Amino acid sequence: MIETAAKFFNEGGTFMWIILGVGAFASAVILERLYFFFVTCRGNSRGLVSRIAKAISNDNPEEAEKIASSKKSPVHRLLNVAVQRYKKGLAYEEIQQGVEEAAIKEIPKFGTRLSSLGMFANIATLTGLLGTIFGLQVSFNSLQLAEGAEKATALANGIAQAMNTTAMGLMVAIPCMIAFTQLSNVQAGLTEDLDEATVKMLNYIEKRKA
């Protein structure tokens, strides 16, 4: 298995290293996004709002602030802004303004580096195509060789390079596109949860201020 993979990689030539590098960068982005989405942002936003609201109802804003600042996810940061401003006794409009200003900074964090996965997929595909063209050039040039054995070897090498680089490019591009689609769906869901949580928190504070 290892020998087959090594032969496949070596026959592809220099372009295989480029595609491999693209795959490494894409893997790093995917792992970082998975950690952010499923570790940093993990939690029940509805339950979080309920716990904060309960603490405020018990006239314990310090506990509410402690709950809101327990993690560094965007929803925690926005709710923490609301709690801190409420704790300072600011008017509802000022609390809402602070949350909206924080949202401008926090919401884009859900989409950080996601678009690069589409770029990596395109680079891998195009690099594989470029390797295919170079491999075909090697094959065509082999037709000018006088010796039959050399011609056959060069022709085989050129075809191997053409096929392997195309395959390698697709092997990197397809997972990138799948990851991009799935992570984008997760991003959309987390954004909706954040919107819902902040609206509920602001509505609760507005009632308290009324």
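On a predicted model such as this, the values are computed, not experimentally measured, just so you know.
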Partner set under salt bridge (Lys or Arg N to Asp or Glu O under 4.0 Å) for [X], not counting sequence neighbours:
| X | answer |
| --- | --- |
| E196 | R46, K200 |
| R77 | E106 |
| K7 | none |
| R208 | D59 |

From [X] atom [atom1] to [Y] atom [atom2], the distance as rounded to the nearest 0.5 Å:
| X | Y | atom1 | atom2 | answer |
| --- | --- | --- | --- | --- |
| I52 | K54 | CD1 | NZ | 13.5 Å |
| S73 | R42 | OG | CZ | 11.5 Å |
| R33 | L183 | CZ | CG | 8.5 Å |
| I56 | Y204 | CD1 | OH | 5.5 Å |

Whether the side chain of [X] engages the backbone of [Y] through a donor-acceptor N/O pair (distance < 3.5 Å, no angle test) should be reported.
| X | Y | result |
| --- | --- | --- |
| N80 | A68 | no |
| R85 | E94 | yes |
| K71 | T40 | yes |

Notebook entry, point to check: Which pairs pass ring-ring contact (aromatic ring centres under 6.0 Å, His included) with one or both residues in residues 19-77, sequence neighbours excluded?
Noted result: none

Item checked: Residue pairs involving residues 88-139 (criterion ring-ring contact (aromatic ring centres under 6.0 Å, His included); sequence neighbours excluded) -> F15-F134

Next item on the list: Check side chain to side chain donor-acceptor pair (under 3.5 Å) between Q84 and all other residues, then give those that pass, not counting sequence neighbours.
Entry: E65

Check: Excluding sequence neighbours, so at least two apart, what forms side chain to side chain donor-acceptor pair (under 3.5 Å) with S69?
Finding: none

Next item on the list: Applying side-chain contact (heavy atoms from CB on, under 4.5 Å) between F9 and each of N164, L20, I19, report the one that passes.
Entry: L20

Do you know the tightest heavy-atom contact between [X] and [Y]?
| X | Y | result |
| --- | --- | --- |
| G131 | T165 | C-OG1, 3.2 Å |
| C41 | L190 | CB-CD1, 4.2 Å |
| P61 | V83 | O-CG1, 4.0 Å |
| V49 | L79 | CG2-CD1, 4.0 Å |
| A82 | V99 | CB-CG2, 3.8 Å |
| I30 | A179 | CD1-CB, 3.6 Å |

For residues 122-130, tabulate all N or O donor-acceptor pairs below 3.5 Å that involve a side-chain atom, not counting sequence neighbours.
unit_1, atom_1, unit_2, atom_2, d
N122, ND2, G118, O, 3.3
T125, OG1, A121, O, 2.9
T127, OG1, I123, O, 2.6

Does [atom1] belonging to [X] count more than 12 external heavy atoms closer than 6.0 Å?
| X | atom1 | answer |
| --- | --- | --- |
| E3 | CD | no |
| M163 | CE | no |
| K87 | NZ | yes |

Margin query: Show every salt bridge (charged side-chain N to carboxylate O under 4.0 Å, His left out) that has at least one partner inside residues 155-167, sequence neighbours left out.
Written below: none

Next item on the list: Decide yes or no for V186 and Q182: does some side-chain heavy atom of the first lie under 4.5 Å from some side-chain heavy atom of the second?
Entry: no

Check the hydrophobic clustering (I, L, V, M, F, W, Y; side-chain heavy atoms under 4.5 Å; chains of links allowed) and say if [X] and [Y] are grouped together.
| X | Y | result |
| --- | --- | --- |
| L114 | M177 | no |
| I159 | F8 | no |
| I18 | M119 | no |

Scan the side chains in residues 166-174 for donor-acceptor partners under 3.5 Å anywhere in the protein, sequence neighbours excluded, and list what turns up.
unit_1, atom_1, unit_2, atom_2, d
T166, OG1, T132, OG1, 2.2
T166, OG1, A162, O, 2.9

Margin query: Among residues at least two apart in sequence or on other chains, which ones pass side-chain contact (heavy atoms from CB on, under 4.5 Å) with E93?
Written below: A91

